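In this text the structure is predicted, and so the values were computed from the model without any measurement. By convention in this document, chain letters (A, B, ...) are assigned in the order of the sequence lines, proteins followed by strands, and residues within each chain are numbered from 1.
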Amino acid sequence: MNKKHKSYNREFTGVFGKALRIFLVFALIVYLLPILWMYVSSARTNADFINAPLKIPSRLYFGNYVKAFKMAKIGYHFIISTIITTVSVLIIVTFSSMAAFSFSRLRYKGRDFLYSLFFLGLILPTQSFLVGMFVMFRVAHILNTLWSVILPVSAIGLPIAVLLIKAFFDSLPSSLEESALIEGANVLQIFWFISLPIANAIIATVIVFNTINAWNEFMLPFVMIQSDRFKPLTTSLYVFSTKHSAKLTLKLAALTIIATPMFIIYFIFQNQIQKGITAGALKD
Amino acid sequence: MFYGIINMIAKKNSYILFALPAVLLFLVIVVIPLLFTVVFSFTEWRRFNIIKFGTFEHYIRSLSDPVLGKAFIHNFLYILFTIFLESGTGLLLAGIVIHLKRSIIYRSLFFSPIILPSIVVGVLWRQIYAYHAGLLNSILTGLGGKDIDWLSYPFTMISVSIVSGWLFAGFFMTIFYAGLARIPDSIIESAKLDGASASGIFLKIELPLIKNLIMLALLIVTTGGFKGFDLFQILLRRDPLESGIVLPVFLVRTFFENQDIGYGSAVSMLLTLVVIAIIIVINFINKIFVGRVEEF
């Protein structure tokens, strides 16, 4: 995102500026109230919470976190989510950078047709091929395996990644690659040693938003994976929250365990993440 | 932008190998299942066995299915609400932060909910809306009001839309902020010197200059309004009275829970057609009234 405008002269000053700032602070408090409430309530006993959900508790009870971690098997499902995310992102990055390189830098028969194929992926909602995919996976016996989530997550992530990386290559002159070609490098070497390193900024963006997407994916594992053994964090937490609907603070503790590391990562890498999410979502 | 030299690397048909992994994966997982779904939608199924090809029964049935009709109406309501709650709030926030110094902390906090998985957002807000021991009802009764069942009729759609707004307003704020930040300071400054009011600057200078981003936001909200599944499923779960049934949820129930592959495929085709129609209409409006959408 654009950061040119650091020195400011469009600031509203005076009473109006102050009023705006007060309004903004108020809006922010309302906005963050749910999160604050989650943090406070997750450290209370259920009985204490049900009596007065709004009260600031006099004593905090941290046992919820340990209990929630064990009961929701967060450690186990964390590993499943990590596998799904890592493999999908690896597939997306490798396949899309190779394809984008070929669409931008190489010439072969059918190239433009293949490229235009990916535009289809930009407009189609997942729901338009979900039923066919489900039946296909059932016939191929990969329902209830990690592949039934990894494959669609990768395929859905491809089009926008291909487009972004190709646009990036297109915006750069190919003189480096050409001189390497004249020096006698083959295309694979050019791709690996020259083009890929040049594109590292856009590839980082692609990695960021696909990691977030894959990690947060809910609908695909909801439909594809029924056995508890292969559920990622998202759908295992869904089952946990329906099974233990009465254990309110325990549920909130489980959410807190999931959310906290994400907030920490977000505040460390927020520029990258904001860029990644906006670039990824702008595909429409 | 194409530089003339880009395609200079020699032509060889074996180079197709570079594109092949991506193309094959995309064909097998997206294109072929899409074609299957089209065929399935004209096919009569009993559980997982095909009984008859070439039937229009599912499409005819869809026209008179009251639940499907309800789902459509809910989708439109959801879009109507989220246009204001997601993009409207985002625009308002962007319009404020752009005129304040040291706004980075506000911007990053407003953006932050979107990184959470929908399961966290959904379960948290289900508790916020809960009839007993919910945050909202506790505040209401504290103020002397009555408990309200937020996740059932007639509040369902507005309640879910508020969660969507909470989740995505920061995202739209970020987009609009980036657009507003591109407007040269000198324009705003001279308007201020000429005595333009704050609302005048916002409505007459800033808004027209980011109208392409506003169209983009409309596109994202309207197409997104037909794709949203997670929040509805997590917030409402079984939703036995269908007070918040929407197309994607209806679709999953039809083909997955009731194992009605044929009808599910037809619903999926209807959903696809609606999304594509929206994209075409908005692009059309965009071309006529707004002009080219700026690369972002």
Side-chain angles (χ1 to χ4, degrees), chain A residues 1-2 5 8-12 16 20-21 24 28 34 37-38 50 53-54 95-96 98-99 101-102 105-109 114 121 123 125 127-129 131-133 136 151-152 155 158 171 173-174 178 181 216 218-219 223 234 237-238 241 248 251 255 258-259 262 266 270 274 278 282 284, chain B residues 1 3 5-9 11 13 15-16 18-19 21-23 25-26 29-30 33-34 36-37 96 99-101 106 108 112 115-120 123-124 128 133 135 138 174-175 178 181-182 185 188-189 198 219-220 223 227 229-230 248 251 255-256 264-265 268 271-272 275 279 296:
Chain A
M1 230 133 284
N2 198 322
H5 302 275
Y8 240 67
N9 36 19
R10 62 166 87 165
E11 191 195 358
F12 286 138
F16 184 67
L20 277 187
R21 195 171 282 272
L24 200 64
L28 192 64
W37 187 67
M38 175 182 85
I50 288 173
L54 260 187
F95 288 12
S96 67
M98 281 168 63
F101 170 76
S102 84
R105 295 292 197 246
L106 304 176
R107 280 209 294 176
Y108 50 87
K109 236 188 217 154
L114 293 184
I123 50 171
Q127 282 94 353
S128 60
F129 50 89
V131 185
M133 188 167 69
M136 193 176 84
L151 291 175
L158 275 178
S171 72
S174 56
E178 275 160 51
L181 194 71
N216 291 352
F218 179 79
M219 187 174 72
V223 172
T234 50
L237 214 59
Y238 179 79
S241 78
L248 307 177
K251 276 195 297 190
L255 302 185
I258 311 284
M262 302 200 68
Y266 169 68
Q270 52 174 309
Q274 289 196 8
T278 40
L282 292 188
D284 302 277
Chain B
M1 264 195 301
Y3 287 83
I5 24 181
I6 273 167
N7 295 327
M8 288 300 285
I9 295 183
K11 179 174 169 166
N13 281 339
Y15 288 165
I16 201 171
F18 274 89
V23 169
L25 181 65
F26 187 71
I29 303 296
V30 176
L34 175 69
F36 277 154
T37 313
I96 294 175
H99 293 294
L100 294 177
K101 259 187 194 160
Y106 299 106
S108 73
S112 62
I115 58 149
L116 294 176
S118 50
I119 182 71
V120 171
V123 175
L124 172 60
I128 289 170
L135 175 63
S138 306
T174 309
I175 294 181
R182 283 189 187 168
D185 285 348
I188 311 288
E189 208 179 0
L219 185 70
I220 295 177
T223 55
K227 297 180 199 164
F229 170 82
D230 303 7
L251 169 67
F255 86 87
F256 176 63
S265 303
S268 144
L271 191 153
T272 309
V275 169
I279 294 176
F296 187 65

Given a strict heavy-atom distance threshold of 4.5 Å, which part of A:Gln270 is in contact with chain B: side chain, backbone, both, or neither? side chain
On a heavy-atom basis, which atom in B:Ser118 and which in A:Phe218 lie closest, and how many Å separate them? OG-CB, 3.8 Å
Check B:Lys227 against A:Gln127 and note the closest heavy-atom contact, atom names and distance. O-NE2, 3.0 Å
Does any N or O in the side chain of A:Tyr266 come within less than 3.5 Å of the main-chain N or O of B:Leu116, such that one atom is a donor and the other an acceptor? no
Top contributor to chain A interface from B:Ile115, B:Ile96, B:Leu34 [non-hydrogen pairs under 4.5 Å]: B:Ile115
For A:Ala155, check side-chain contact (heavy atoms from CB on, under 4.5 Å) against everything at least two apart and list the hits. B:Leu25, B:Ile29, B:Val30
I'd like to verify something: which residue of A:Leu237, A:Asn216, A:Leu248 has the highest number of heavy-atom pairs under 4.5 Å with chain B? A:Asn216
Which one, B:Leu271, B:Thr272, B:Ile128, B:Asp230, leads in non-hydrogen pairs under 4.5 Å with chain A? B:Asp230
Under the 3.5 angstrom rule, does the side chain of A:Arg107 hit a backbone N or O of B:Tyr15 as a donor-acceptor pair? no
Supply the atom-to-atom distance B:Leu124 CG to A:Ser241 OG, rounded to the nearest 0.5 angstrom. 11.5 Å
Heavy-atom nearest pair, B:Ala22 first then A:Ala99, reads CB-CB, 3.8 Å
If one checks every heavy atom of A:Ile258 against chain B at 4.5 Å, the contacting part turns out to be side chain
Whatever's closer than 4.5 Å to a heavy atom in chain B on A:Met136 counts as side chain
Side chain, backbone, both or neither: which part of A:Phe12 has a heavy atom under 4.5 Å from chain B? both
With a 4.5 angstrom heavy-atom cut-off, is it the side chain or the backbone of B:Val275 that approaches chain A, or both, or neither? side chain
Option that, when pairs with chain B are counted at under 4.5 Å, heavy atom only, ranks first among A:Ser96, A:Pro34, A:Pro152: A:Pro34
Donor-acceptor contact present, side-chain B:Thr37 to main-chain A:Gly132, <3.5 Å: yes
Contact winner vs chain B - A:Met98, A:Met262, A:Lys251, heavy-atom pairs under 4.5 Å: A:Met98
At a 4.5 Å cut-off on heavy atoms, which part of A:Leu158 comes close to chain B: side chain, backbone, both, or neither? side chain
Which distance, rounded to the nearest 0.5 Å, do you find between the OG of A:Ser102 and the CD1 of B:Ile16? 8.5 Å
